[in-house]
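In each ligand, atom 1 is the first atom listed, and ligand 1 is the first ligand listed.
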Amino acid sequence: MNHKIQSLSGYINEYQESVDQPEKFWNGIAESFHWQKPWDNVLSWESEGPNVKWFENGKLNLTENIFERYLFTHANKTAILWEPNDPNEEGRKISYLELYEMTCQFSNAMTSQGVMKGDRVVIYMPMIPEAAVAMLACARIGAVHSVVFAGFSSSALADRINDCEAKMVLTSDGNFRGSKNIPVKALVDEALEKTTCVEKVIVCKRTKIKVTMVEGRDVWWHDVIKNEAIEHKATVLDSEDLLFILYTSGSTGKPKGVVHSTGGYMVYTYYSFLNVFQYKQNDVFWCTADIGWITGHSYIIYGPLLAGGTTVMFEGIPTFPHPGRFWEIIDKYKVNQFYTAPTAIRALQAKGLEPLEPYKLDSLKVIGSVGEPINEEAWHWYHDNIGKGNCPLVDTWWQTETGGIMISPLAGITPNKPAHASLPLPGIQPIIVDAEGNELKGNNVEGNLCIKFPWPSMIRTTYGDHKRFKETYFTTYPGMYFTGDGVKRDHDGYLRILGRVDDVMNVSGHRMGTAEVENAINEHPNVIESAVVGFPHEIKGQGIYAYVICDLKGLSGEALIDEIKNTVRKIIGPIAKPDVVQIVSGLPKTRSGKIMRRILRKVASKDISNLGDTSTLLNPEVVDQIIKGAKN
Ligand code: PRX
């Protein structure tokens, strides 16, 4: 299989072909995979539903395209290089053959425990190879996995289990993260008090902390695999059968379950991985994300393994036990492509150059960024000090919903331009529109980013709520997928992502709805009303600023603020904890009762020189009070 673009002119030609004849283009790429039965139709699409099907009626199993396809040629090649949290513990090196056997054995175990095709399985696990096995085994038996980031609280976990009506939860006893030992299984127990759908929990032993096992429900991973065969015939699936559900935040309501299906996701993650990173056989690829996010799904697990590559999986955090940990791992495994988030880059940049000194970093060929806009200063620091000025830096723009990288330089092919995601991948048709939906053509334009034609790994629906899917993505600009991001096309025609234009924040590369945080804050009994906005934060990109009206009921302001922060931590998880909580007497509202977030955003950003017209407010006097009490 060779679908790798080799040059800029090659890219330009391939892009043009993909726009002129998208079906022919994707047909050519999909054909090189192993299908049990070919598709009748490459694409069927109607934007009213909206309904999209790629490789309609094609039959396959994605894992056969990872395992059976490669076992003859590189059974002994390393699939996963696992690095533990503690550098003194031995890492693990898992070959394609071993990963195949582990996956088959666990597929058999899950089947014996009652999981069938189409059942939902929630994975709430640390970054250990068994988490990869769990995902692959679901794909092998046709169960739909929904990975929940192990840093989410038990209540966030319960919401997700309930929403997808999971039959099984896969977890571990604990999770080593930095200096912490998080009691993961205890959190699952708490979550299961609020759910009734889960029949079985399989627990993988990692930290050896004591756990409570519920008779008849909880079983140990090592026990259930013990007598299972290391072969498992893959279930034949339809191209459009669900591969996974992944929950993500939106501007309203609870997180929604983004649904991805099998065939299109497989084709696109493979193609984008190969081309963006210019991956060559025998390269070592490392994406530092967690498998709880889409980046982990597509570029730790599926993309690299579908390309027959070697993928590094790291259990820990960038600063433990020392701030050179990432660089140490790059040298240890001779990593060739390194893919991380701007928030990690900024945090490590803040430690200065000393932690870099012991390391060579000379194996690196490509460095990448994902998850949030990368500011120019961080871009240059990363490019100069990690890439040593001679590694292409791929700033990759995409989303949970897009399944794979959409806009990005191709390493070494697209000329690098700091802080620009640059150009769309073949098959991707971005369009910039103004508020009314008029296309802004030409260069030097700024507007909202939409995608006007389907691509194989696009979201199919929001789980259990197709209406919400349509309303969220296809209603603002009928017929087009609306990303929620602002974008600029510069004088060279290169795209620069400007950030969200809706009520979604991006905190350390994690997506967080303002409404979601407000709902959590409002759970505190003393809180009457709250409004949450993002503000610029040096390391996190955006921080969370909460304005809260409350009844002190004898508590001190400071004590209440701590309680409010902890409420959010408990309801969502530590990543959603507000950086600033300001107790206010009122919130600026329009005469129709709508909170004027624009004013709150400006105050939180210390940008009060031009607050605009406040005279139309119902309560203009609160603006001054808020400015006086601002805590930023
Ligand atoms: O605002 C964009 C930002 O992250 C959002 C998607 O978040 P999520 O679904 O969690 O997926 C993150 C990882 C793919 C987008 O709407 N974003 C992602 N990548 C970039 C980015 N913003 C600017 N530049 C990027 N490279």
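- Not a single side chain to side chain donor-acceptor pair (under 3.5 Å) links Q429 to another residue, sequence neighbours left out.
- Separation of atoms OG1 (T462) and CZ (R460) is listed at 14.0 Å; rounding is to 0.5 Å.
- Between T400 and ligand 1, at least one N/O pair is under 3.5 Å apart.
- Using a 4.0 Å cut-off to heavy atoms of T396, the atoms of ligand 1 that qualify are 19 (N), 20 (C), 25 (C), 26 (N).
- Considering backbone and side-chain N/O atoms, G371 comes within less than 3.5 Å of an N/O atom of ligand 1.
- In terms of protein heavy-atom proximity, atom 24 (N) of ligand 1 is nearest to E372 O, 3.4 Å.
- Shown in contact with V370 at under 4.0 Å from a heavy atom are these atoms of ligand 1, numbered in order with element: 13 (C), 14 (C).
- Shortest contact from atom 23 (C) of ligand 1 to any protein heavy atom: P373 N, 3.1 Å.
- Remark: side-chain polar atoms of S153 are paired, donor with acceptor, to backbone N or O of A156 under 3.5 angstrom.
- Of the N or O atoms in T248, none lie within a sub-3.5 Å distance of an N or O in ligand 1.
- Side chain of T343 to main chain of S508: no donor-acceptor pair is present (N/O by atom type, distance under 3.5 Å, no hydrogens or angles).
- Ring to ring, Y270 and Y268 are not that close: their centroids are 6.0 angstrom or more apart.
- For W455 (side chain) and T402 (main-chain N/O), a donor-acceptor pair under 3.5 Å exists by modelled atom type.
- Residue Q399 touches ligand 1 through backbone and side chain together, judged by heavy-atom distances below 4.0 Å.
- Checked against a 3.5 angstrom limit, the closest N/O atoms of R511 and ligand 1 fall inside it.
- Distances between N or O atoms of T295 and those of ligand 1 include no value under 3.5 Å.
- Under a 3.5 Å cut-off, the side chain of W82 and the backbone N or O of M127 do form a donor-acceptor pair.
- Close approach of ligand 1 to W398 (heavy-atom distance below 4.0 Å) involves ligand atoms 6 (C), 14 (C), 15 (C), 18 (C), 19 (N).
- If you look at N506 next to ligand 1, the close heavy atoms, those under 4.0 Å, all belong to the side chain.
- Under the 6.0 Å cut-off for aromatic ring centres, Y339 and W286 do not qualify, their centroids lying 6.0 Å or more apart.
- Protein heavy atom at the shortest distance from atom 1 (O) of ligand 1 is D485 OD1, 2.6 Å.
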